[in-house]
Amino acid sequence: MARKKKPEAPENHERWLVSYADFITLLFAFFVVMFASSQTDKAKARQISQAVESALDPSRSSGAAPSVAKILGGTVDDKGQGNAQMKGPGGAQKAAKEAQEDIMELLPSMKNLNAELKSEIADGKIEVSLEPRGLVVSMKQTAFFPSGGDFLDPATLPILSKIAGIVNAVPNPILIEGHTDSQPIHTAKFPSNWQLSTARSIAMLDILTSQFNVNRSRAGVVGFADNVPEASNDTPEGRSRNRRVDIVILNSLVRTRAPGAASAAKE
């Protein structure tokens with residue numbers, strides 16, 4: 001008697017679930033690894049941030065000298081490990097003190113000018129200021145030059161005499177700077193504001209050297225046109241402030257690079 005054939009097992013249509021489960025498991029594992037990596041990065045970033053803050057802020061450095069101070073040039077009690085180490089103990093502090101002394105060397109001259117030119121300053125004809133590069137005496141165009149011209153008003157000679165007295169009292173080189181507003185000029189004599197600003201600087205130099213004995217070898221002239229404004233050129237008041245000639249008595253920080261510095265040093 002023949003055996004009966006066993007019925008074939010029905011086809012399993014759910015096998016895709018196995019592959020899907022494997023895929024989900026792998027995806028889960030991937031995101032777990034990514035999450036763990038990101039947490040590690042955050043911890044490292046936090047450590048780096050704290051280290052930088054400690055280096056920049058002495059109060060967070062547990063009494064130790066801040067690292068940045070060492071790198072930049074020495075702390076109070078050592079020579080340092082950076083740019084100012086050649087200056088010996090406290091190099092950074094010494095360098096800062098020397099720079100301050102260079103800037104303040106012209107403070108007596110500024111006080112004298114403020115006293116000598118008190119009325120002119122009050123009238124707005126002149127401004128006196130102490131800048132990192134030196135002592136700046138700013139003379140407004142309306143008081144010293146005609147509009148569009150480079151001829152000094154003879155009435156301003158007493159003012160220039162006072163300024164020249166201060167200039168001659170110190171050995172520092174001077175720089176005479178001409179400035180204009182942004183209004184274009186085009187005349188037979190001055191095709192642009194460059195020529196006008198430079199001509200006014202030269203006119204000021206000629207007066208100082210010919211009438212008030214300022215040594216020409218100490219001086220340099222430059223014309224900036226409208227490129228270094230003090231105020232906005234959008235208003236008449238701003239344009240009036242920008243039209244000026246500045247006499248800059250250079251301090252020790254910059255005078256070695258100034259025109260005539262070597263000649264002035266020999267005198």
Side-chain angles (χ1 to χ4, degrees), residues 103-183 193 196-216 218-233 235-251 254-255 258-259:
I103 293 172
M104 301 301 290
E105 68 172 319
L106 293 170
L107 184 59
S109 298
M110 179 181 179
K111 291 180 178 178
N112 290 338
L113 275 173
N114 284 330
E116 291 283 340
L117 302 171
K118 184 176 181 180
S119 61
E120 290 82 0
I121 293 173
D123 293 339
K125 297 178 180 179
I126 286 180
E127 291 181 4
V128 179
S129 60
L130 195 60
E131 299 181 0
R133 59 180 177 151
L135 179 60
V136 181
V137 184
S138 186
M139 295 166 285
K140 302 309 173 184
Q141 171 263 314
T142 51
F144 289 84
F145 292 96
S147 178
D150 64 337
F151 295 101
L152 272 163
D153 185 347
T156 63
L157 293 181
I159 302 175
L160 293 178
S161 177
K162 297 176 183 178
I163 297 173
I166 302 299
V167 170
N168 287 329
V170 294
N172 305 50
I174 64 172
L175 191 62
I176 304 175
E177 304 174 344
H179 303 268
T180 67
D181 60 24
S182 61
Q183 299 296 309
N193 282 321
L196 175 60
S197 61
T198 305
R200 285 175 174 170
S201 297
I202 295 172
M204 186 68 68
L205 173 66
D206 287 341
I207 292 294
L208 291 175
T209 56
S210 64
Q211 297 198 31
F212 302 111
N213 300 318
V214 173
N215 192 327
R216 185 178 292 268
R218 296 173 54 194
V221 296
V222 62
F224 283 108
D226 60 333
N227 288 286
V228 190
E230 280 191 347
S232 171
N233 279 301
T235 64
E237 294 79 9
R239 291 193 292 272
S240 177
R241 282 182 55 82
N242 293 334
R243 297 190 297 268
R244 67 196 191 278
V245 173
D246 294 343
I247 297 178
V248 186
I249 305 175
L250 301 175
N251 60 31
V254 293
R255 67 186 183 188

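Atoms considered below: every heavy atom in the structure, side chains included; atoms not considered: hydrogens, waters and symmetry mates.
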Could you tell me whether R243 and D226 have a side-chain N and a carboxylate O separated by less than 4.0 Å?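 Judged by the 4.0 Å cut-off on N to carboxylate O distance, R243 and D226 do not form a salt bridge.
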
Roughly how far, to the nearest 0.5 Å, is [atom2] of [Y] from [atom1] of [X]?
X    : Y    : atom1 : atom2 : value
M139 : L160 : CE    : CG    : 6.0 Å
E177 : S197 : CD    : OG    : 10.5 Å
Q211 : N213 : CD    : CG    : 10.0 Å
I207 : S161 : CD1   : OG    : 12.0 Å
T180 : F224 : OG1   : CZ    : 11.5 Å
L175 : I249 : CG    : CD1   : 11.5 Å

Minimum heavy-atom distance between [X] and [Y], given as atom pair plus value:
X    : Y    : result
S240 : T142 : OG-CG2, 4.3 Å
N233 : S182 : CB-OG, 3.2 Å
I126 : V137 : CG2-CG1, 4.0 Å
A203 : F145 : CB-CE2, 4.3 Å
A219 : L205 : CB-CD1, 3.6 Å

Mark yes or no for whether [X], through its side chain, and [Y], through its backbone, hold a donor-acceptor pair below 3.5 Å.
X    : Y    : value
R200 : L152 : no
N251 : L135 : no
N193 : Q183 : yes
N168 : F212 : yes
R244 : N242 : yes
R218 : N172 : yes

For the NZ atom on K125, are there more than 12 heavy atoms of other groups (residues, nucleotides or ligands in this structure) within a distance under 6.0 Å?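 Not buried by this count: 12 neighbours or fewer within 6.0 Å.
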
Run the side chain to side chain donor-acceptor pair (under 3.5 Å) test against R241 and tell me which residues pass, sequence neighbours left out.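 For R241, the residues satisfying side chain to side chain donor-acceptor pair (under 3.5 Å) (neighbours in sequence not counted) are E127, E230.
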
Mind jotting down which residue pairs meet the side chain to side chain donor-acceptor pair (under 3.5 Å) criterion with at least one end in residues 148-159? Sequence neighbours excluded, please.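 Sorted result for residues 148-159: D150-K189.
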
List, one per line, each side-chain donor-acceptor pair under 3.5 Å for residues 107-120, sequence neighbours excluded.
| from | atom 1 | to | atom 2 | distance (Å) |
| --- | --- | --- | --- | --- |
| N112 | ND2 | P108 | O | 3.3 |
| N114 | ND2 | M110 | O | 3.3 |

